[in-house]
Every structure is written in structure tokens, then in C-alpha cells.
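Please read the structure below before turning to the comments.
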Amino acid sequence: MDTDLLLHTTIDSLPVGVIIQGSDNRVIYINKKAGEVFNTNVLKTPIRLDRLFKQGTLIMDEFGNQLLPDHFPASITAKSMTTTSVSVRIKTTQSDKERWYVINADPVADSKGKFEGVVSTISDITETMKQRQNLSFVDQITASLLGTMSYEERLHNLSSLVAHSFADWCSIEMLDEAGKLALVSISHKDPKKVALAKTMRQKYPGGKNANKGAWKVINNRQLEIYPNLTKRQLTSMAISPEHKKMLLKLNFCSMVIAPLVARNKVLGIITFAHAESGRKFTPESMREIEAISLRAAILIDNSRLFALSSQLIQNQTKIVNDLSESENTLKMALKAGNMIVWDYDVDTKEVTWTGELNVLNTMGARRKKRSIEAFLDHISPQDRNRIRRKLTTSLSRHQLLEDEFSIVDDKQRPSWIQAAGEIIKNDQGKAVRIVGIARDTTEYKLAENKIRANEIKFKSIFEGSLDIIIITDNRMNIIDINPEGVKSLAGSKSNIIKKKLIDIIAPPQRSEFSRNWKKILKNSAHQGTFRMINSQGEFCSMEYNASAHFLPGQSLFVLRDVTQRVTEAERREHLLGITSHELRTPISSIKVFTGILKRQLVKDKNKNIYSYLEKIDAKADTLTHLVSDLLAVTRIQQGKLELDWEMFDVNVFLKQLISEFKLSRKTHKIGLSGKIKKDVISDKTRLSQVIINVLKNAVKYSPNADKVLVKLKNSSKNFTITVQDFGVGIPTNDRDKIFNLYYRSGGSTSRGITGLGVGLYISNQIVKAMGGKIDVISREGHGSTFSMTLPIIPRAKSDEQH
Amino acid sequence: MNNTNMQKNIVIIEDDESLQEGLCLIFNNEDFCVRAVSNADNLGQLVRDFSPDLYLIDYRLPGDNGIEITQNIRAHENGNRIPIIIMSASGQSLQEEALRAGADGFIRKPFDVDDLIALVKNNLPA
């Protein structure tokens with residue numbers, strides 16, 4: 001088979017175009033695909049690359065500028081002997097639509113390195129580019145327009161970005177108030193050329209011929225294209241020999257002047273020019289030119305609106321700050337912006353607007369245009385005349401217009417609009433238009449009304465409350481107090497406003513209050529009771545509820561005078577003390593007489609009667625414990641379980657306790673094991689109450705067992721007393737209830753087990769108060785183990801020691 | 001001193017009649033010479049006549065309480081410190097208060113007779 005034919009057939013079937021050029025740059029081969037791309041016939045004889053294309057085929061760079069043969073990738077590769085890759089746009093007479101290609105040119109050399117030619121491949125990337133085209137250069141431009149720079153800086157950025165890629169030159173000129181064109185920016189890669197252009201622009205600002213150049217663009221609002229500027233054309237523009245020299249030096253060869261139009265108003269012009277690169281503007285590059293001019297126009301327009309809107313926003317922010325510093329709704333609404341731009345034409349008496357505002361949409365028509373009278377009719381009657389008046393004043397005095405008004409929609413719902421506008425004057429200095437922005441402030445208004453309503457609510461609570469309400473700053477200074485507070489604590493408001501909250505706390509509790517203050521600020525909500533000094537200079541008990549930071553930097557205290565309640569509690573406590581005393585006294589007598597009798601019987605060696613007496617004595621002890629338990633329950637429930645700390649040897653303590661306990665419980669052996677080396681700090685009386693209760697239960701609930709094991713051990717910080725029995729155990733269902741008050745194990749009565757059901761409740765409460773805990777392990781039918789773990793040095797104690 | 005057979009004098013102040021009777025019985029059996037009153041009203045006269053070796057005082061009494069009586073006794077004695085034991089149905093905090101006021105011993109009601117006798121004997125000068 002003919003290898004040459006095979007090769008041709010293969011290359012022809014490739015989805016990419018292939019062009020092969022010889023060392024003289026003439027095309028010697030072009031495959032089918034390449035022929036389709038350039039709309040050309042398959043080659044018969046070698047020809048020059050530019051001759052390859054039929055008349056009407058346009059090859060452009062990615063910006064739409066005509067690509068000259070010298071800039072073809074193959075030409076560059078032939079010169080540089082390196083691989084060149086270029087994106088191009090090609091348009092043929094056959095199709096209106098241009099397509100995008102990547103042309104990749106590779107140099108071919110023989111074994112000795114001698115240049116033999118160039119192989120170019122042409123891949124169609126139209127689909128990819130279609131997706132990308134909106135994100136390419138124009139977006140780069142857009143991105144450069146965002147940011148925090150001034151708009152002049154941003155405009156300059158834009159022109160310089162253009163001059164580094166899209167065109168050789170770019171300049172932006174703006175119409176000033178006097179109707180003159182002012183140069184804002186001119187850019188070229190070479191700063192020397194920029195200087196030259198600036199000098200020329202200064203010296204020859206250009207005439208005002210409405211039919212030529214810039215002014216034609218401004219007046220017609222249409223861009224002007226000079227695709228091929230000849231030297232003659234350039235020379236004809238010159239006003240003086242010097243100007244001519246400059247123009248020739250700048251050597252523009254292709255130029256586009258575009259108007260900058262925003263909201264139907266010409267703001268200036270932007271000029272693009274090619275010079276030394278020899279590139280030409282084509283109709284295809286107009287899309288980019290239009291996009292760039294539009295963005296530049298928007299940028300200028302925005303900058304004008306910016307001044308207005310920033311003023312508006314400042315006012316808005318002020319309102320927000322005044323009303324409530326914590327109302328997020330307002331801030332979010334502010335963020336959302338939601339504004340429109342409006343334009344009132346004095347001559348036509350029409351208002352037009354761009355952008356969307358729901359309330360304006362409800363006016364009926366989709367048209368964003370209204371006569372001023374029709375517009376004013378929509379404004380609520382209470383605002384209408386004011387707005388009309390302001391409009392007139394603004395126009396006659398050339399003042400900034402600023403106001404807020406409400407509009408009632410078709411469903412009678414009010415919406416609020418805040419508007420500001422700037423007067424636009426004509427050449428004669430007459431106000432012809434007002435241009436401004438407006439925003440829907442309904443959300444703020446509603447929030448404001450809500451806050452006002454809340455304020456009224458708060459105020460009525462504040463004024464009318466029977467509780468005392470005090471507002472302080474973060475340094476405890478009292479900044480407000482309600483009438484009840486004045487009545488109970490101060491006598492007069494001015495008296496207390498100067499004070500700090502701590503000044504009206506009872507002196508013994510001030511340091512505690514200072515400590516709590518930190519907690520209050522930290523936790524935001526805090527409750528407690530404090531003794532304070534009332535207006536009569538007496539101490540009173542105040543229950544307080546603090547909401548720290550209810551407003552930034554402010555805390556709110558609601559205080560209730562509970563002196564009476566506290567006094568009653570004290571009375572009850574007193575009564576309880578008497579009751580317990582009254583109960584103990586007869587028991588004391590019983591014990592005294594049994595004691596006397598016992599001693600007598602020991603002397604008489606009458607063992608029978610002695611044992612009866614011992615039983616009476618034991619029951620008197622039981623009675624004593626019951627009284628103690630009841631007293632303890634009351635104290636726990638009042639939160640008044642007081643502990644008397646002392647340091648002691650827990651080994652000795654436990655040994656004594658158990659030996660005393662053994663006397664009354666002969667049925668069980670109580671084994672004690674384990675020792676701890678440290679002395680502990682605890683409340684002996686309370687601790688024995690706990691141990692006795694647990695031991696009593698151990699014996700009570702193990703009627704068929706004969707022993708109870710007590711163990712003592714310690715860790716570095718805690719000591720543990722374990723009481724293990726071998727009895728009935730605790731049913732699984734009941735395990736979390738055993739520490740409840742008046743709880744008694746299910747079926748305990750049927751087993752003949754008696755008691756008040758307070759023992760474990762008290763024990764648990766005491767252990768908790770001591771900073772410890774009780775753990776229970778139990779197996780039904782096998783017994784229970786109670787472990788009391790307590791701190792060797794309780795926290796309250798260790799605090800005191802520091 | 002004026003007790004020839006070394007019999008010790010004890011003053012008991014207890015307002016509960018039954019308990020007072022029991023206490024008298026206990027200390028009589030222990031060979032004490034006992035004077036019992038139910039309040040501190042005529043204590044001065046009693047002390048001058050009886051010259052006690054020890055006081056056993058209930059805390060809760062009509063009129064002055066046990067601690068106030070203790071303070072009174074301590075304020076008026078001249079160089080001759082007589083042991084005082086306070087009895088009370090109240091708890092530990094009172095014990096500290098009693099000791100601070102000048103008492104030498106404290107016993108919580110109800111108590112074992114043996115414990116009371118031991119406490120009294122321990123507080124008597126040999």
C-alpha cells in the first residue's frame with residue numbers, strides 16, 4: 001500500500017485541521033478539516049498562507065482585532081523556531097457565525113537541526129468559548145471595578161487593563177458640569193507615549209465640531225469606528241505642524257470612540273486605539289467595546305449615586321443605632337439594600353425609575369414612568385403636601401431633596417420609602433432634573449414601630465412594676481431605677497442615680513456581691529438573694545434576677561423585697577428549733593431515768609430487768625434519730641443545711657461509730673477494713689447521720705444475712721466509705737428512686753420493714769452538701785453496696801485556706 | 001473546802017422538772033451534794049451559801065439562757081474559776097458558743113447517763 005496515500009487518508013480523517021508549511025512558509029499541505037475551517041479548496045500547488053483564504057474570510061485575535069499574516073502562529077514559529085499557540089476567531093463568508101479555534105504551530109527541523117517547515121493544527125473550541133466568553137475579559141474588567149478604590153482610580157484601572165491587552169491605547173473622558181470633556185485617564189503600555197499623548201491632549205483639546213469625532217459620538221450617542229486610519233487621515237486631523245508631528249508619532253491605525261451612557265444620559269466617552277501593533281478593530285470587537293463602555297458608564301454613574309446613598313445609609317445607620325443596637329432585623333434589612341434610582345424631569349414633569357421596589361410595582365402598571373402628580377397621588381395624604389412642598393423648594397433653592405413618605409398599596413398596606421435626590425442643572429444653571437435613589441424602608445419602619453411598641457411595653461412595666469427594676473452599666477453604676485425602686489431603696493431618684501449598685505448592698509455582703517458581679521456579666525442571666533439597704537437605712541432581703549447585657553453595656557436587675565418571706569422562714573425555723581427541743585427534752589428524761597435504773601440494776605446484778613431497760617433505751621435513741629432526721633429534712637428543704645467543719649481522724653471516727661452501732665444491732669456483724677493516712681475535714685455529726693442511715697438500711701434490708709462490710713479507702717483528693725450488705729438488693733426499677741424523699745423500697749412494708757423513708761434522702765443531700773456523692777451497686781437477691789465518696793478537704797474549706 | 005468528807009457540790013439549773021429530778025438522783029447516787037434550781041434568778045445567793053464545785057446548766061431556760069448565765073458567772077468570779085457544763089438539745093454551733101462564753105464542757109440532749117457522769121467527773125478538780 002502506498003504509505004503516502006495512507007498518511008494523507010489518515011490526516012484527512014482527523015477531527016483537527018492540519019496545515020503544513022515548507023521552509024519558504026508556503027503551504028504545501030492542508031487536510032480536509034483545515035479546508036473546511038478556512039473555506040478553501042484542497043491544495044494543488046504550494047501557496048502563501050494569506051493567499052490560502054478566500055476573499056471575505058476574517059481571522060481575528062481573541063478580542064476581535066484582525067490578525068495580520070505576520071501575527072499568525074505559523075509565522076511566529078517560523079521566526080522563533082518555537083512552538084506557538086494562539087486562540088483565534090475565524091469568520092467566513094459561508095457562515096455569519098464566527099468560530100473559535102486554537103492554532104498550535106510546531107517547527108519541523110531535520111536531523112541536523114535545519115528548519116524544514118511548520119506544522120499547524122487547528123482545533124475548534126467554539127463550544128468551550130461560548131461558555132467562557134461572558135466570563136473572560138469583560139469580567140476581568142468588571143472585577144477590577146469592584147473594590148474599595150476611588151472611582152477615578154477604578155476608571156484608570158479599567159483603561160490600563162484595556163491598554164495592556166485589548167487595544168494599544170485607551171482613554172476615558174468625562175463631561176463636566178460646564179459641558180466640557182475632561183480627560184480622566186489615558187493608558188498605554190509605554191509611559192513615555194502616555195506623557196506625549198497627555199501633552200497633546202492638553203495643547204489640542206479638540207474642537208466642538210458636532211459632526212466630528214468625540215462630539216459626534218456624544219450627540220448621536222453612537223460609537224464611531226475608524227477601522228483603518230491612514231496617515232493622510234491622521235494628518236488631516238492636525239491643527240498645527242506640532243500637532244501633526246505628535247499625531248504621526250502616536251501613529252494610530254485603528255480607532256473606536258464610544259459614548260458612556262447611563263440611565264439615558266451621556267456621561268463621557270471612551271476611546272480605543274491600535275497603533276504600533278498594526279491590529280485593526282473589526283465589527284466583531286464591538287461587543288467587547290460596548291460591554292467595556294457600559295461598565296465604565298455604570299461606574300461613573302454609581303460614583304455619583306454613591307455620595308447620595310452613603311448619606312442615606314449614614315442616616316439609616318443612625319436610626320438603627322438610636323432605636324436598638326441589638327435589632328438584627330434592622331441590620332439585615334440594611335444589608336439587603338433594596339433601592340432604586342429615580343429621575344424626575346422638570347420639563348416633562350415625569351418620574352422614571354430603574355430597579356425594583358415592591359411598593360412601586362403595586363401601583364399597577366409595569367411601566368416605570370409616572371407623571372409627578374400621579375406619583376404624588378399614591379403618597380399617603382399626611383405626607384403628600386410635604387413632599388410636594390419639598391420638591392418645589394429643592395428645585396428653586398437647588399437643595400438636596402431628602403425625605404421619607406408612605407405609600408398605601410392596593411391592599412391598603414402602608415409601605416415607606418426614603419428618597420434622596422440631587423439637582424441637575426443645565427448650561428444656564430437652571431434645575432432641570434432631580435436624580436436620586438430611593439429605598440423601601442418599610443422593614444425599618446415596622447421594626448421601628450415594633451421597637452416603639454416594645455419600648456412602651458417596657459416603660460409601662462418599668463413604671464408600674466411592684467418589683468424594683470434597676471438598670472446598671474457594666475461598672476455597676478446605676479443608670480436608671482423605676483418608681484418602686486426609688487420608693488423602696490432611695491427616697492429620691494437623683495439620690496440613687498449617682499450610686500453604684502454595690503453601695504446599696506448590705507456591707508457584709510459586698511465582697512460576695514463583687515464576686516457575683518463577674519458571674520452576672522459572664523453568664524448573662526443570674527439569680528440570687530442579697531441583703532440590701534432600703535430607703536429607711538434598714539437591711540432588707542432582696543431576691544434578684546439579673547439580665548446582663550440586656551442592651552449593650554447595660555444590665556437589668558429585677559429585685560423583689562422578700563424580707564417578709566425571709567422573716568417568716570426565720571420564724572418557722574425558730575419554731576422548728578423549739579419543737580425539736582421540746583421533743584428532745586422528754587426523751588432526755590426517759591434516757592436519764594433508764595440510765596439511773598441501768599446503773600442501779602448493774603449494782604444489783606439484775607440482768608433480766610436490765611435487758612428490758614436496754615430495749616427502752618435503744619428505742620429512745622431511735623426516737624432521737626427520727627427527730628434529727630425530721631429536722632434535717634426541713635433544713636434541707638429550706639436550703640439551710642449547715643455544716644460544721646472540723647478536722648479529724650476518720651479511722652477512729654468510723655471505728656467508734658460502728659462499735660456504738662453494734663450495741664443496738666446484735667443480729668449482724670459489722671466488719672470494718674481499710675485505713676486512710678490523712679485526717680479529713682468534715683462534719684462529724686452529719687457524717688455519722690449518713691453512715692448510720694446507710695448501716696441501718698443495710699441491716700434492715702438483709703434480714704437473712706449476718707454481716708455487713710464497711711470499707712474505708714482514699715484517693716489523693718477523696719475518701720470513700722463503702723457499706724456492703726448481702727440482702728434483698730434494690731429492684732432495678734427502683735434504683736433511681738431510692739434517694740427520693742419518703743421513698744420506701746417496694747414491698748418493704750410487707751416484709752415488715754419500717755421507717756419514714758427519709759434516711760437515704762437525707763444522706764444523699766448531706767453528702768452532696770459536703771461536695772461528695774453516693775454510688776449504689778445492687779443485685780437483686782444478692783445485696784447492695786453504697787459508696788460515699790467525699791472530699792478530704794471540701795472545696796468551701798480549701799477556698800477559705802487560700 | 002468546807003466540805004469535810006471531800007463531797008463535791010454541784011449546782012444544776014434545769015427547768016424541766018422531771019429531768020431536774022433525774023439529774024439530782026444521778027448525782028446524789030454518785031455522792032454529790034446537789035442543789036437544783038429552774039432558773040438563774042437567785043443564783044447569787046445560792047452560790048454564796050453553797051459554794052459549788054461545778055455547774056450543770058441547761059441552755060434553754062426561762063430568763064437568761066445557759067450561755068448568758070455562764071458569761072455572768074465568769075464576769076463575777078474573782079480568781080476562783082468553777083467548771084461549767086452546758087446541756088442542750090441544740091447542736092454543734094451552740095457547743096462552740098458555749099465554750100467561747102467560758103463553759104468547760106457541753107453535752108447534747110438526750111445523753112447517756114454514763115457519759116454525763118464521766119463528763120462531770122472529768123471537769124472536777126482532783
Side-chain angles (χ1 to χ4, degrees), chain A residues 573-574 576-604 610 613-614 616-628 631-632 635 640-646 648 656 660 663-664 682-689, chain B residues 10 12-32 34 36 38-39 56-63 65-67 85-100 105-121:
Chain A
E573 170 78 358
H574 187 63
L576 202 77
I578 294 169
T579 312
S580 112
H581 188 271
E582 293 306 313
L583 281 170
R584 280 167 181 272
T585 305
I587 302 171
S588 299
S589 289
I590 294 168
K591 287 216 32 117
V592 161
F593 285 103
T594 53
I596 294 164
L597 269 174
K598 271 159 83 181
R599 291 173 75 86
Q600 189 58 48
L601 291 170
V602 168
K603 267 189 201 163
D604 298 350
Y610 183 88
L613 265 180
E614 214 167 38
I616 296 170
D617 204 29
K619 289 300 166 194
D621 285 343
T622 310
L623 207 53
T624 310
H625 283 137
L626 282 176
V627 171
S628 305
L631 193 65
R635 285 183 182 276
K640 286 202 171 171
L641 185 74
E642 279 165 14
L643 298 170
D644 292 307
W645 305 101
E646 60 181 310
F648 57 91
Q656 257 174 15
E660 276 166 33
L663 291 176
S664 56
S682 195
D683 180 327
K684 265 188 179 177
T685 317
R686 294 294 180 201
L687 188 57
S688 33
Q689 208 171 354
Chain B
I10 182 166
I12 296 170
I13 313 175
E14 169 60 67
D15 60 327
D16 184 86
E17 267 179 50
S18 150
L19 197 56
Q20 197 194 76
E21 193 191 336
L23 290 169
C24 288
L25 202 54
I26 290 166
F27 290 103
N28 278 328
N29 287 346
E30 292 297 314
D31 275 346
F32 279 81
V34 185
S38 53
N39 58 55
L56 182 61
I57 310 172
D58 184 26
Y59 170 70
R60 201 182 161 79
L61 291 166
N65 68 33
I67 287 173
I85 289 168
I86 302 285
M87 304 175 284
S88 169
S90 306
Q92 215 130 357
S93 54
L94 199 64
Q95 173 170 6
E96 281 167 31
E97 208 185 325
L99 297 181
R100 269 201 306 274
F106 180 90
I107 193 158
R108 184 139 193 233
K109 286 178 181 178
F111 41 76
D112 279 320
V113 171
D114 293 353
D115 290 344
L116 179 69
I117 293 168
L119 183 66
V120 166
K121 286 190 171 169

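Quick note on labels: first sequence line is chain A, next is B, and so on, each numbered from 1. These numbers were taken from a predicted model, which means no experiment stands behind them.
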>> To the closest 0.5 Å, what do you measure between CZ (B:F111) and CD1 (A:I587)?
In response: 12.5 Å
> Between CZ of A:R599 and CD1 of B:I117, what distance do you get to the nearest 0.5 Å?
Replying inline: 3.0 Å
>> Applying side-chain contact (heavy atoms from CB on, under 4.5 Å), can you list everything that pairs with A:I590, at least two apart in sequence or on another chain?
In response: A:T594, A:I616, A:A620
[X] versus [Y], closest heavy-atom pair with distance:
X: B:K109; Y: A:S588; value: CB-OG, 3.2 Å
X: A:V592; Y: B:V113; value: O-CG2, 3.3 Å
X: B:P110; Y: A:K591; value: CB-CD, 3.9 Å

Taking distance alone, no hydrogens or angles, what donor-acceptor pairs closer than 3.5 Å link side-chain atoms of residues 18-25 of chain B to residues at least two apart or in another chain?
| from | atom 1 | to | atom 2 | distance (Å) |
| --- | --- | --- | --- | --- |
| B:S18 | OG | A:S589 | OG | 3.1 |
| B:Q20 | NE2 | B:E14 | O | 2.9 |
| B:Q20 | NE2 | B:V37 | O | 3.2 |

>> Strictly below 4.0 Å, N to O, side chains only: are B:D114 and A:K598 in salt-bridge contact?
In response: no
> Which bit of B:D16 is near chain A, if near means a heavy-atom gap under 4.5 Å: side chain, backbone, both or neither?
Replying inline: side chain
> Is it the backbone or the side chain of B:E30 that comes under 4.5 Å from a heavy atom of chain A, or both, or neither?
Replying inline: side chain
> Taking side chain as C-beta onward, heavy atoms only, is B:E96 less than 4.5 Å from A:E646?
Replying inline: no
>> Using heavy-atom distances under 4.5 Å, tell me whether A:D621 contacts chain B through its side chain, its backbone, both, or neither.
In response: neither
